[in-house]
2 protein chains.
Amino acid sequence: MSRVERLCVEKGLKMTGQRRVIARVLSDAKDHPDANEVCRRAILIDPHISLATVYRTVRVFEQNEVLERHDFGDGRARYEESGSQHHDHLINIETGRVIEFHNDQIEALQKLAAKELGFHLVGHRLELYGIPLETSED
Amino acid sequence: MSRVERLCVEKGLKMTGQRRVIARVLSDAKDHPDANEVCRRAILIDPHISLATVYRTVRVFEQNEVLERHDFGDGRARYEESGSQHHDHLINIETGRVIEFHNDQIEALQKLAAKELGFHLVGHRLELYGIPLETSED
DNA sequence: TTAAATGCAAAGAGTTTGCACATGG
DNA sequence: CCATGTGCAAACTCTTTGCATTTAA
């Protein structure tokens, strides 16, 4: 049983064959697939899965905090298993590859910045866009 | 002549009536309108403007760094005049209103974080989502 | 059993594009 | 004048939804 599936069970979600497969795909994913990619991988395991079901399922999973939805600005949502710890993303603009990182100082400053503006911080999005250091020597 | 129009002229862009109006709308905007909203405001000044032209125009303007495109996660692009200084956004999730802010410390830490991961930072996106402090007392 | 999940195809929202016509430099 | 911009409508991408059918609990 995949980690995502276990989380679903803990949340009391009805686990259908399709949901199990989608959960597995997301648990196995090392990247941040979009709905279409999740569907394609799911179909490799079990062809009885439609894109509509993927969309409905990821929404339910997201609402149950079993996975996280990201928007990297390319017009489609991407998904990843809810990690135990929060992290942000650095996107290598040469390859499109996404690297996860966490920085406590930045997190703290964000909270502070929001407070100074009169807000209680309930969420944030931080994405860094970079090029590999070797390549950037100009 | 609006500020955006002047920037366009400096870039050598051909200034048609429509582009002038769109430039004006964006110069006058105190918020971050989407393409549809830009079009509606433009039509108030001159009805001879179509949504397709707005899309084509904002793309040209963006490519010429005359305005900036933002994606606040609600599925449509939003635009604002390219300011002299960089800033990030705090979104009031109760009203949807966007507040601009700038924080040098966070900027510096971002650069550092990227460097530690082996990247040269060429861009970033930071959005804070918050609720007004008065309302958040629970 | 039965409320909830699924597949399909159609509908939406936002954005882009092909083509004939209009226009700025 | 003529390369470029525009309007219109159709196309495209991503996502959602209505409805008849299937399925988990």
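Chain letters run A, B, ... following the sequence lines, proteins first and then strands; every chain starts at 1. No experiment lies behind these values; they were computed from the predicted model shown.
Residue pairs meeting the salt bridge (charged side-chain N to carboxylate O under 4.0 Å, His left out) criterion with at least one partner in residues 48-62 of chain B, sequence neighbours excluded, are Glu62(B)-Arg69(B).
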Query raised in the report: Can you give one letter per nucleotide of nucleotides 20-25 of chain C, going 5' to 3': B for a protein heavy atom under 4.0 Å from the base, S for sugar-phosphate only, - for none?
Result: ----SS

Report summary line: With sugar-phosphate taken as primed atoms, P, OP1 and OP2 and all else as base, the protein-contact string of nucleotides 9-22 of chain D at under 4.0 Å (heavy atoms; B, S, -) is -----SBBBB----

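Here Phe72(B) and His32(B) bring their ring centres to under 6.0 angstrom of each other.
Checked against salt bridge (charged side-chain N to carboxylate O under 4.0 Å, His left out), Asp74(A) has the following partners two or more places apart in sequence or in another chain: Arg76(A), Arg78(A). Shown here are the side-chain hydrogen bond (donor to acceptor under 3.5 Å, both in side chains) partners of Glu10(A), two or more places apart in sequence or in another chain: Arg6(A). Under the side-chain hydrogen bond (donor to acceptor under 3.5 Å, both in side chains) criterion, Glu81(A) pairs with Arg3(A), sequence neighbours left out. In terms of the side-chain hydrogen bond (donor to acceptor under 3.5 Å, both in side chains) criterion, residue partners of Arg40(B) (sequence neighbours excluded) are, by chain and number, Glu37(B). Scored by the side-chain contact (heavy atoms from CB on, under 4.5 Å) test, Gln18(A) finds Thr16(A), Ile49(A), Thr53(A) as partners (sequence neighbours excluded). Applying the salt bridge (charged side-chain N to carboxylate O under 4.0 Å, His left out) test to Asp104(A) and every residue at least two apart in sequence or in another chain returns nothing. By the side-chain hydrogen bond (donor to acceptor under 3.5 Å, both in side chains) test, Gln105(A) is found to be paired with no residue, residues two or more places apart in sequence or in another chain being considered.
Between the NZ atom of Lys11(A) and the P atom of dA24(D) there is a distance of 23 Å, rounded to whole Å. Atom P of nucleotide dA5(C) and atom CZ of Phe61(A) are separated by 11 Å, given to the nearest angstrom.
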Might you list the N or O atoms of the protein lying below 3.5 Å from N or O atoms in nucleotides 11-13 of chain C, with each pair's distance?
none

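Side chains of His87(B) and Glu80(B): a donor-acceptor N/O pair is present below 3.5 angstrom, by distance only. Side chain to side chain, His86(A) and Glu68(A) fail the donor-acceptor criterion of an N or O pair below 3.5 Å.
Interatomic distance, CD of Glu107(A) versus CG of Leu109(B), reported as 11.0 Å (0.5 Å rounding).
Over its length, the helix from dT1(C)-dA25(D) to dG25(C)-dC1(D) turns its helix axis by 40°, as judged from the five terminal pairs at each end, rounded to 10°.
Side-chain nitrogen and oxygen atoms of Ser50(A) include none within less than 4.0 Å of the OP1 or OP2 phosphate oxygen of dT6(C).
Enclosure of atom CZ in Arg24(A) is not indicated, since only 12 or fewer non-hydrogen atoms of other residues, nucleotides or ligands lie within 6.0 angstrom.
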